[in-house]
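Working notes, structure below.
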Amino acid sequence: MRLSLSIFATVLSLGAAFTQPPFPFTANKALNTRILSTSQDTSNEASLKLRNDVNVLKRVLAKEYATFFDPMETIYYAKDVSFTDPMTSLSGVESYQNNVDMLASRTAMGKFLFSDAGIVLHNIKGGEIAEDGSIGEITTRWTLRLTAKVIPWKPTARFSGISVYTVAADPSSSTGVAVKHQQDYWDSINIVPNNEGEYQKVDKSIAIKDFLNQLSPGGFVAATAAPELPYQLLRRGDGYEVRRYPGYSGVKLPYRRRDEGFGSLGAFTKGMSPLSPALMDIKTDDISDKYMTWPLTFTSPGESEPPVVKDAVENAGQGQWRTMKVVTTPPTVVAVREFSDASMEPVVRNADRELREMLERDGLEALDGSEDKVRFAQYDAIFSMGKRRGEVWIDLATSGHPFD
């Protein structure tokens, strides 16, 4: 009996051994869980730090554009950083900085060649952190201008485009990240036709030609009739521009003949300091009235509405000015194509058609309904001598351009 009890106890002991994990296994599992949790916490902290480092870099880049790289924050660039644009290839931080300083006229050569240089940053995007810890490309969109003062007529060259930054984590540095490469593209030559606004590299000779064309003399140009309504150049494209205009007020009237419209608006706005251009709206049906608008005031930084011209508001719609109307136009992003021929109907309609084709080619979208009219701008007086400046304007849809 005692032997049977002993066997029974042994069987119970063996059963317990097979149905319950031994103590060392339980301890190891808890230890492994703690190690895994600690590893995940460390990984999350590293990811958060890297994301913060990238955000700091984007703010640094924005500051560099605002100051035209004065100073250039060289600690954020790898020592062997490379730079490529349609005309230039450089490597090394010092070469990179010397090139920027030359464009900004901060070197002896730059002071001899250029003046009035400036760059405007429109937006900065990208830099997302992938699951493997790699950093996505950062893209800036900008407009650059510089005046070649060494040339007697001092032409101003303008470029718009994007810079694509290749960025890598750099745990050994105080910044945590470093720019490894910068690739620039110009809107005027690098946009791939009919490919939703994507960019590609082109032969350097195309870039040189694009630059030299901007430096050629313009000849005898007709004088502008009035100070120009200010705008921000967003894109200098192939055959067109994209501009952002502030909100502005103006006076508008229907007209049959353009010279009569100019005469009436000139008389009404006497003493009001109107602005150029005169804007004409013509419906595509050839039946509706034509309208002419002269801008009067525009919204300055910090203002929500353009100032009101008291005399214009009081007189419009009264007596001999009964067809006049004071209008306010909100801030607008506009695509523009210039023409120098007289603003005859076939010339204007052809320029409008060409501009719409260019917008579609480069992945831009016109405002819905804009096809119902043709809008053109005239900057010089009605009977000016010299090369005329006329433009067709097409409003862009809010989601139809990359300049948010």
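Just the heavy atoms: all of them, side chains too, but no hydrogens, waters or symmetry mates, feed the values below. Computed from a predicted model, the values in this text were never measured in an experiment.
Using a 4.5 Å heavy-atom cutoff, the side chains of Tyr255 and Ser264 are not in contact. Side-chain contact between Leu279 and Tyr291: absent, with no pair of heavy atoms (C-beta onward) separated by less than 4.5 Å. Residues Leu364 and Pro402 are in side-chain contact: their nearest non-hydrogen atoms beyond the backbone lie under 4.5 Å apart. Residues Arg51 and Ser47 are in side-chain contact: their nearest non-hydrogen atoms beyond the backbone lie under 4.5 Å apart. Considering only heavy atoms from C-beta on, Ile394 comes within 4.5 Å of Asp352 through its side chain. No side-chain heavy atom of Asp238 sits less than 4.5 Å from a side-chain heavy atom of Ile191. Within the 4.5 Å cutoff, the side chain of Val333 has heavy atoms near those of the Val242 side chain. Side-chain atoms of Ser163 and Tyr65, non-hydrogen and from C-beta on, do get closer than 4.5 Å to each other.
Distance alone, capped at 3.5 Å, is enough to place a donor-acceptor pair between the Lys58 side chain and the Gly126 backbone. Asn315 places a side-chain N or O within 3.5 Å of a backbone atom of Asp311 that can act as its donor or acceptor partner. Counting only distance, with no hydrogens or angles, the side chain of Thr323 and the backbone of Trp321 share no donor-acceptor pair below 3.5 Å. Side-chain atoms of Arg258 come within 3.5 Å of backbone atoms of Ser343 as a donor-acceptor pair (strictly under, hydrogens ignored). Using modelled atom types, no side-chain atom of Trp186 and backbone atom of Ile162 make a donor-acceptor pair closer than 3.5 Å. A side-chain donor-acceptor contact under 3.5 Å links Asp85 to the backbone of Met87. For the pair Thr299 (side chain) and Gly247 (backbone), a donor-acceptor distance under 3.5 Å is present. Side-chain atoms of Thr269 come within 3.5 Å of backbone atoms of Leu265 as a donor-acceptor pair (strictly under, hydrogens ignored). The backbone N or O of Leu48 sits nowhere less than 3.5 Å from a side-chain atom of Asn52 that would complete a donor-acceptor pair. Put simply, the side chain of Ser173 gets close to the backbone of Asp170: a donor and an acceptor are under 3.5 Å apart.
Between Tyr96 and Tyr77, the ring center distance clears the sub-6.0 Å criterion. Not less than 6.0 angstrom separates the ring centroid of Phe298 from the ring centroid of Tyr248.
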Does the side chain to side chain contact (heavy atoms under 4.5 Å, CB included) test come out yes or no for Val392 and Arg375, once each step is laid out?
CA-CA 6 Å; Val392 288; Arg375 170 173 288 182; over 6 Å; no
Working for side chain to side chain donor-acceptor pair (under 3.5 Å), residues Thr156 and Thr147:
CA-CA 4 Å; Thr156 295; Thr147 298; 2.8 Å; yes
Determine, stepwise, if the pair Trp142 / Ser160 fulfils side chain to side chain donor-acceptor pair (under 3.5 Å).
CA-CA 6 Å; Trp142 44 262; Ser160 67; over 6 Å; no
Working for side chain to side chain contact (heavy atoms under 4.5 Å, CB included), residues Met358 and Arg337:
CA-CA 10 Å; Met358 293 172 181; Arg337 177 161 172 77; 3.1 Å; yes
Under the side chain to side chain contact (heavy atoms under 4.5 Å, CB included) criterion, do Lys125 and Ile138 qualify, and how do the steps go?
CA-CA 6 Å; Lys125 297 182 178 181; Ile138 295 175; over 6 Å; no
Decide side chain to side chain contact (heavy atoms under 4.5 Å, CB included) for Arg158 and Gln214; before the verdict, give the C-alpha distance in whole Å, the side-chain angles of both, and the deciding distance to 0.1 Å.
CA-CA 8 Å; Arg158 299 178 301 169; Gln214 295 193 71; 4.2 Å; yes
Which is it for Thr284 and Arg349 under the side chain to side chain donor-acceptor pair (under 3.5 Å) test, yes or no, and what are the steps along the way?
CA-CA 9 Å; Thr284 54; Arg349 292 194 183 280; 5.8 Å; no
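Nearest approach of Leu50 to Gly176, heavy atoms of both residues: CD1-O, 4.4 Å. Considering all non-hydrogen atoms of both residues, Thr175 and Asp53 come closest at O-CG, 3.4 Å. The two residues Leu121 and Ala62 come nearest to each other via the heavy atoms CD2-CA, 3.8 Å. Taking all atoms of both residues into account, the shortest heavy-atom contact from Val100 to Arg106 is CG1-NH2, 3.8 Å. When all heavy atoms are compared, the tightest approach of Phe268 to Ala312 is CZ-O, 3.7 Å. When every heavy atom of Ala117 is checked against every heavy atom of Ala104, the shortest pair comes out as CB-CA, 4.2 Å.
Side-chain N/O atoms of Ser276 and Glu228 include no donor and acceptor closer than 3.5 Å. Of the N and O atoms on the side chains of Tyr379 and Glu391, at least one donor lies less than 3.5 Å from an acceptor on the other residue. Defined by atom type and a distance below 3.5 Å, a donor-acceptor pair is present between the side-chain atoms of Tyr240 and Arg235. Side-chain contact, Asp184 with Gln182: a donor N or O sits under 3.5 Å from an acceptor N or O. Checking Ser249 against Thr297 by side-chain atom types alone, a donor-acceptor pair falls below 3.5 Å. If you check the side chains of Gln378 and Arg389, you find no donor sitting under 3.5 Å from an acceptor. At a cut-off of 3.5 Å, with distance as the only test, no side-chain donor of Thr107 or Asp101 sits close to an acceptor on the other residue. Using modelled atom types, one finds a donor on one side chain and an acceptor on the other under 3.5 Å when comparing Asp210 with Ser188.
Of the inter-residue distances, the one linking Gln183 atom CD with Thr166 atom OG1 reads 8.5 Å to the nearest 0.5 angstrom. Taking NE2 from His122 and CD1 from Ile119, the interatomic distance works out to 9.0 Å, rounded to the nearest 0.5 Å. Atom CG of Leu234 is separated from atom OG1 of Thr143 by 6.0 Å, given to the nearest 0.5 angstrom.
For Asp368, the CG atom counts as loosely surrounded, since its 6.0 Å shell holds 12 or fewer non-hydrogen atoms of other residues, nucleotides or ligands. Few gaps surround CD on Gln232; more than 12 heavy atoms of other groups in view lie less than 6.0 Å from it. Enclosure of atom CD in Glu360 is not indicated, since only 12 or fewer non-hydrogen atoms of other residues, nucleotides or ligands lie within 6.0 angstrom.
Remark: Tyr231 pairs with Tyr245 by the ring pair (Phe, Tyr, Trp, His ring centres under 6.0 Å) rule, at least two apart or across chains.
Salt bridge absent: Asp203 and Lys209 never bring a charged side-chain N and a carboxylate O closer than 4.0 Å. Comment: Glu357 engages Arg353 in a salt bridge, judged by a side-chain N to carboxylate O separation of less than 4.0 angstrom.
The stretch residues 127-153 participates, sequence neighbours left out, in these salt bridge (Lys or Arg N to Asp or Glu O under 4.0 Å) pairs: Asp116-Arg145.
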